[in-house]
Every structure is written in structure tokens, then in C-alpha cells.
Amino acid sequence: MKTIYSNLVNKSVTEQQITSMDLYYKVFKDDNNKILKKELYDKNKLSVVEFYIDRGAYHTDILATNSKGSIIIIEVEKVNNNYFKHFCFEYLNGILQNKDLTIVNNEEFCFMIQDIDKETNLSIYNQTVKFYEDSDGYELEFYYHTSGELLYVSVLNLSLGFYEPLRSDELSLMPNFEQWNQYSSYYLNAEPAVPDGIIII
């Protein structure tokens, strides 16, 4: 087993870098580079532990040895060679609090986070966010109505100090619109959850 460190968007950082970071992950991987566990640290204090298991595996053993505090159990399902579904179960003192679905690629770029009703297992569209980054550093976050239709887009570029929320009828004002527009069928609605061939540079 090996241990690495990462920031909140899963980019690797060094042990020296984490000394100046408020929030970071300590990541445990097996010899095949498969994530087994993540520990989130807040000001060098352990905050939350995330356990990674195969889709459909039982939670019983993990809960039996982690009955106090907050933990997250993530069931991983490989969709294809490009994308993975992460079914996340958040527990507090052994009691299920929240469920959500996250879609990531091989580089662990997150395309979508969607809350799931813990009683019905139905998707909650107005608690869904999809993500896109273009080659010029613009970060886009897409938010949706309860019906699943696009509500608005948040456009951010930290290096330029740029932030602009755009309504669904203002998308043509988006920076690098042509670059993003080729993937619009995925982002204009909360469904489908899994993208098809989207390239994040």
C-alpha cells in the first residue's frame, strides 16, 4: 500500500505543500493504484474518513469499526474505460445521513455531483451540479431546476479574477462558447449522469 496527498480537487501535492494548506487529503492506494481510503484533514486535524469499496459490497464491517463520528463509504462502479460512478453514503455515528452520486474520469476529474433521496433512491435534480473546465482556465458549474432543465451557469476564472453567473438563455455570452458547445447535450440537462467522450484539458 502507498500513501499520497492531494488537494480538494484530487490534484497531488507534496508533504511540504500540505504544511501551508488548511484542507487536504491523505490518500491510501493499493499496489494497483486503486484508492482504498481517503482521510480529509482540516488544519492538520482528521475531519472525515472516506472508504472506497466495490459497488454492492456490504458496509457492515466498516460501520462496525467506525461507529463514532462522520464517515463516508463510497461504492465504486466502473462504467467503461473512461468513467466511474461513485455512490456516496454519508454516516454520522453509524446512521445514514445523506446519499449522492458522483461521476469521475480516470484522472478523477469530477463531472457531476447529484444528491439522491435516501428513501426513494431517486435523483434530486435541483441538488445536481455538473462541471466543465476549458483550456483557458475557465471553470463552469451548471445548476438545474427540479425538472432537470438548466437553471444557470456559474463561470469562474481565478487567474483573471473573473466570475459571472449566466441564465440558461445567456449561454452564448460564455467565454469560449464554441469549445464548450460541442458538449452541450450533456450539460443542458441534469440527465444523463454519465458523459460521452468529453475531454477536459
Under a single-linkage definition using a 4.5 Å side-chain heavy-atom cutoff for Ile, Leu, Val, Met, Phe, Trp and Tyr, are Phe142 and Phe162 assigned to the same hydrophobic cluster? yes

Check whether any side-chain heavy atom of His59 lies under 4.5 Å from a side-chain heavy atom of Glu75, and answer yes or no. yes

Anything under 3.5 Å between a donor and an acceptor, one on a side chain of residues 108-115, the other on a protein residue two or more places apart or in another chain? List them.
residue	atom	partner	partner atom	Å
Gln114	OE1	Ser123	OG	2.8
Gln114	NE2	Thr128	OG1	3.2

According to the interplanar angle, ranging from 0 to 90°, do the rings of Tyr183 and Tyr132 count as parallel (below 30°), tilted (30 to 60°) or perpendicular (above 60°)? tilted

Close side-chain approach of Asn82 and Asp196, heavy atoms under 4.5 Å: no

Is the CG atom of Asn80 crowded by more than 12 outside heavy atoms at less than 6.0 Å? yes

Dump the intermediate steps for side chain to side chain contact (heavy atoms under 4.5 Å, CB included) on Glu170 and Tyr152, then the final yes or no. CA-CA 9 Å; Glu170 298 177 317; Tyr152 73 95; over 6 Å; no

Below 30° counts as parallel, above 60° as perpendicular, anything between as tilted: where do the rings of Tyr41 and Tyr24 land? parallel

Tell me, do Pro175 and Val155 make a side-chain contact under 4.5 Å, heavy atoms counted? yes

Note, Glu141 side chain near Leu156 side chain (heavy atom, < 4.5 Å): no

Main-chain N/O of Lys68 paired with Asn93 side-chain donor or acceptor, under 3.5 Å: no

Output yes when a side-chain donor or acceptor of Ser184 lies under 3.5 Å from a complementary backbone atom of Trp180, and no otherwise. no

Partners of Asp30 by salt bridge (charged side-chain N to carboxylate O under 4.0 Å, His left out), sequence neighbours excluded? none

Do the side chains of Tyr91 and Ile73 get nearer than 4.5 Å, heavy atoms only? yes

Is it the case that one hydrophobic cluster holds both Tyr138 and Tyr163, taking links as side-chain heavy atoms less than 4.5 Å apart, direct or via other members? no

Indicate yes or no: at least one non-hydrogen side-chain atom of Val48 is less than 4.5 angstrom from one of Asp42. no

Return the CG to NZ distance between Asn32 and Lys29, rounded to the nearest 0.5 Å. 11.5 Å

Going hydrophobic residue to hydrophobic residue with side-chain gaps under 4.5 angstrom, can you get from Ile103 over to Ile72? no

Could you state the interatomic distance from NE2 (His86) to OG1 (Thr102), rounded to the nearest 0.5 Å? 7.5 Å

Counting only N and O atoms by type, is there a donor-acceptor contact under 3.5 Å from the side chain of Asn181 to the main-chain atoms of Phe177? no

OH/Tyr52 to CD1/Ile74 distance, rounded to the nearest 0.5 angstrom? 3.5 Å

Please check if the number of heavy atoms outside Lys34 that lie under 6.0 Å from its NZ is greater than 12. no

Residue pair Glu90 / Ser70: nearest heavy atoms and the distance that separates them: OE2-OG, 4.3 Å

Leu150 side, atom CG; Tyr125 side, atom OH - distance, nearest 0.5 Å: 14.5 Å

Taking all non-hydrogen atoms of both residues into account, name the closest pair between Tyr83 and Asn105 and its distance. CD2-CB, 4.2 Å

Which atom of Ser185 lies closest to which atom of Pro192, heavy atoms considered: O-CD, 4.4 Å

Spacing of Leu23 atom CG and Asn44 atom CG [to the nearest 0.5 Å]: 10.5 Å

Tell me, do Ile116 and Phe87 make a side-chain contact under 4.5 Å, heavy atoms counted? no

Restricting to non-hydrogen atoms, name the atom on Met21 and the atom on Gln17 that form the minimum distance, rounded to 0.1 Å. CG-O, 3.3 Å

Is Asn106 close to Phe84 at the side-chain level, that is, under 4.5 Å between some pair of heavy atoms? yes

Indicate if Leu46 and Leu92 have the same hydrophobic cluster label, given that clusters are the connected sets of ILVMFWY residues with side-chain heavy-atom separations under 4.5 angstrom. no

For Tyr144 and Asn189, which heavy atoms make the closest approach, and how far apart are they? CE2-C, 3.3 Å

Sidechain-backbone polar pair: Lys99 side chain, Asp117 backbone, donor-acceptor under 3.5 Å: no

Using the rule given for side chain to side chain contact (heavy atoms under 4.5 Å, CB included), can you reason through Ile71 versus Ile62, listing the C-alpha separation, both sets of side-chain angles and the distance that settles it, and then say yes or no? CA-CA 9 Å; Ile71 68 165; Ile62 296 174; 4.0 Å; yes

From the options Ile124, Leu151, Asn126, select the one residue that forms a side-chain contact (heavy atoms from CB on, under 4.5 Å) with Thr146. Asn126

How many angstroms lie between atom CZ of Phe131 and atom CG of Leu140, to the nearest 0.5 angstrom? 11.0 Å

Quick one: do Thr3 and Lys26 satisfy side chain to side chain contact (heavy atoms under 4.5 Å, CB included)? Show the steps, please. CA-CA 7 Å; Thr3 303; Lys26 186 176 183 179; 3.6 Å; yes

For residues Ser12 and Ile4, report the shortest heavy-atom separation together with the two atoms involved. OG-CD1, 4.2 Å

Determine whether Val129 and Val194 fall in the same hydrophobic cluster, where Ile, Leu, Val, Met, Phe, Trp and Tyr are linked whenever their side-chain heavy atoms lie under 4.5 Å apart. yes

